[in-house]
Amino acid sequence: MNLDILKPPVEKLEDPLFEEKEVNVSVLRLDKVHPVLSGNKIYKLHYFLEEALQSDNAEEKYNRTVLTFGGIYSNHLAATAHACKLLNLKCIGIVRGERHPKSTHTLKQCEADGMHLHFVNKLKYQFRDSKGFQDEMIALFGNCLIVPEGGYHPLGAKGASLIMDTFNCKKYSHICMATGTATTLAGILAAVPSSKQIVSIPVLKNMTDINERLKYLLPELEHTDNLQVLDNYYFNGYGKRDDSLFEFMNQCWVNYKLPLDFVYTGKMMYAVIDSIKNNFFKSGSEILCLHTGGLQGNISLPLNTLLY
Ligand SMILES: *Cc1c(COP(=O)(O)O)cnc(C)c1O
């Protein structure tokens, strides 16, 4: 599978706060692996795309077609659409909600990449993983490979583990990431030695089911003693934001030349830096933050909200 994915650089952040607290902070720039397929999504899609491309079942089983799900700003839909375009696969996006006349940048990009969009109302969308719903989609669109929303599936987690092959994790004591479906978290947990602390920052309100999610994604995982969840940094809920978040994101741009998105990585970095201030990280900690991409989502913000 040739998608021209680059090796993500690791960038060290400099800040008097980190010196004072005697910690080091670096960022794995997964947002830089590809101009469009940025972040964690292309890793989560890896094995699904491989499956859809299998030549011995390409025609009959999946019809060289991928079908997946997402909201109107979905990074996952955007990545799937573009990957399918590059791999010459057909692609269908089931979108939560009504079609708006103005659409969104994300959905326009998906359509420009050749994704066929099919809108379903929010009530019906809840049943997207049910057999009934999926049978209906197959009746409409023919045989296809169905990728759950956000790649939330053991195969998605297996793909996310590939992130750990892109850099040398030896020196880090902590690996921090934003958590949506927890698929990336599962992949990282599966691939790192249990001596490393894994820090998850949920971006959804009241995300109390991380352990159940991990059990589904990673049935063979025996313990999660090295997992820590910072569950107070969701800023009122998924996609919600306020001026303090934007101010923080602009500061990260000015101080570190680090562009963040407001749904995931902005909240993750806010949590990490706030937790350094609160002495959550012991002196001597070597902290690696995963920049999981998502910058295309910032286009939906009013002009001049962000300095970048
Ligand atoms: C989708 C996404 C996440 C969340 O990943 P999960 O595997 O669903 O937990 C994190 N960051 C960005 C930028 C994303 O687009």
Side-chain angles (χ1 to χ4, degrees), residues 8 27-34 36-48 68-83 96 104-106 109-110 129 147-164 175-191 198-205 207 209-214 216-218 227 229-231 233-235 237-239 241 245 249 252 258-272 289-301:
V27 180
L28 180 69
R29 295 290 303 268
L30 296 167
D31 59 309
K32 290 188 171 180
V33 297
H34 188 279
V36 184
L37 300 172
S38 96
N40 56 349
K41 297 296 183 279
I42 191 58
Y43 297 93
K44 294 198 283 183
L45 285 168
H46 181 91
Y47 292 105
F48 289 107
T68 194
F69 310 86
I72 60 175
Y73 301 109
S74 167
N75 296 327
H76 168 72
L77 282 184
T80 308
H82 199 72
R96 176 176 178 272
T104 59
H105 166 80
T106 306
Q109 191 59 51
C110 287
D129 293 330
V147 180
E149 185 186 62
Y152 178 63
H153 184 279
L155 214 50
K158 187 177 165 196
S161 288
L162 297 171
I163 291 171
M164 296 306 299
I175 300 177
C176 309
M177 77 206 72
T179 292
T181 64
T183 309
T184 304
L185 177 64
I188 301 296
L189 272 170
I198 305 302
V199 181
S200 153
I201 295 98
V203 298
L204 291 99
K205 202 176 192 154
M207 196 170 175
D209 61 348
I210 288 186
N211 279 316
E212 286 81 67
R213 285 173 172 268
L214 292 175
Y216 162 68
L217 292 163
L218 214 60
L227 169 63
V229 180
L230 301 177
D231 56 7
Y233 293 97
Y234 52 81
F235 285 79
Y238 184 71
R241 65 278 189 152
L245 180 64
M249 289 164 64
C252 285
L258 182 67
L260 300 168
D261 82 295
F262 69 91
V263 181
Y264 296 99
T265 56
K267 295 177 183 182
M268 182 274 299
M269 283 307 299
Y270 190 103
V272 169
C289 303
L290 304 189
H291 191 315
T292 38
L295 296 173
Q296 64 93 24
N298 287 344
I299 296 171
S300 71
L301 293 172

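Order of listing sets the numbers, starting from 1, for every ligand and every atom in it. This structure is a prediction, so every number in the text was calculated from the model and none was measured.
Each of Glu149, His153, Lys44 was scored for a side-chain contact (heavy atoms from CB on, under 4.5 Å) with Thr181, with one residue passing: Lys44. No option in Leu37, Leu45, Val147 other than Leu45 meets the side-chain contact (heavy atoms from CB on, under 4.5 Å) test with Thr80. Between His76 and the options Thr68, Asn40, Thr106, a side-chain hydrogen bond (donor to acceptor under 3.5 Å, both in side chains) holds for only Thr68.
The side chain of Asn75, and not its backbone, has at least one atom closer than 4.0 Å to an atom of ligand 1 (non-hydrogen atoms only; side chain from C-beta on). Residue contacts with ligand 1, taken as heavy atom pairs separated by less than 4.0 Å, do not involve Ala160 at all. Contact annotation: for Lys44 versus ligand 1, heavy atoms closer than 4.0 Å belong to the side chain alone.
Closest of all the heavy-atom pairs between Leu214 and Ala182 is CD2-O, 4.2 Å. Nearest approach of Ile163 to Leu28, heavy atoms of both residues: CG2-CD2, 3.9 Å.
In this structure, CG in Leu30 is found 12.0 Å from CD1 in Ile42, a value given to the nearest 0.5 Å. Distance check: Lys41 NZ to Thr183 OG1 gives 8.5 Å after rounding to the nearest 0.5 Å. To the nearest 0.5 Å, atoms CG (Leu189) and OG (Ser200) are separated by 9.0 Å.
For atom 5 (O) of ligand 1, the closest non-hydrogen atom of the protein is Asn40 ND2, 3.0 Å. For atom 8 (O) of ligand 1, the nearest protein heavy atom (residue, atom name, distance) is Thr181 OG1, 2.6 Å. Of the protein's heavy atoms, Thr184 OG1, 2.6 Å lies nearest to atom 7 (O) of ligand 1. Protein heavy atom in closest approach to atom 11 (N) of ligand 1: Thr292 OG1, 2.6 Å. Of the protein's non-hydrogen atoms, the one nearest atom 1 (C) of ligand 1 is Lys41 NZ, 1.6 Å. Gly293 O, 3.1 Å is the protein heavy atom nearest to atom 13 (C) of ligand 1.
Backbone and side-chain nitrogen or oxygen atoms of Ala182 are examined, and one is located within less than 3.5 angstrom of a nitrogen or oxygen of ligand 1. In terms of polar-atom proximity, Asp261 is not counted as a contact of ligand 1, lacking any N or O under 3.5 Å from an N or O of the ligand. For Gly180, a nitrogen or oxygen atom sits less than 3.5 Å from a nitrogen or oxygen atom of ligand 1, counting backbone and side chain alike.
Taking every heavy atom of Gly294 and a limit of under 4.0 angstrom, the matching atoms of ligand 1 come to 13 (C). Remark: ligand 1 atoms within the under-4.0 Å shell around heavy atoms of Thr179 are 9 (O).
Residues Arg29 and Pro259 form a side-chain contact, since some pair of their non-hydrogen atoms from C-beta on lies under 4.5 Å apart.
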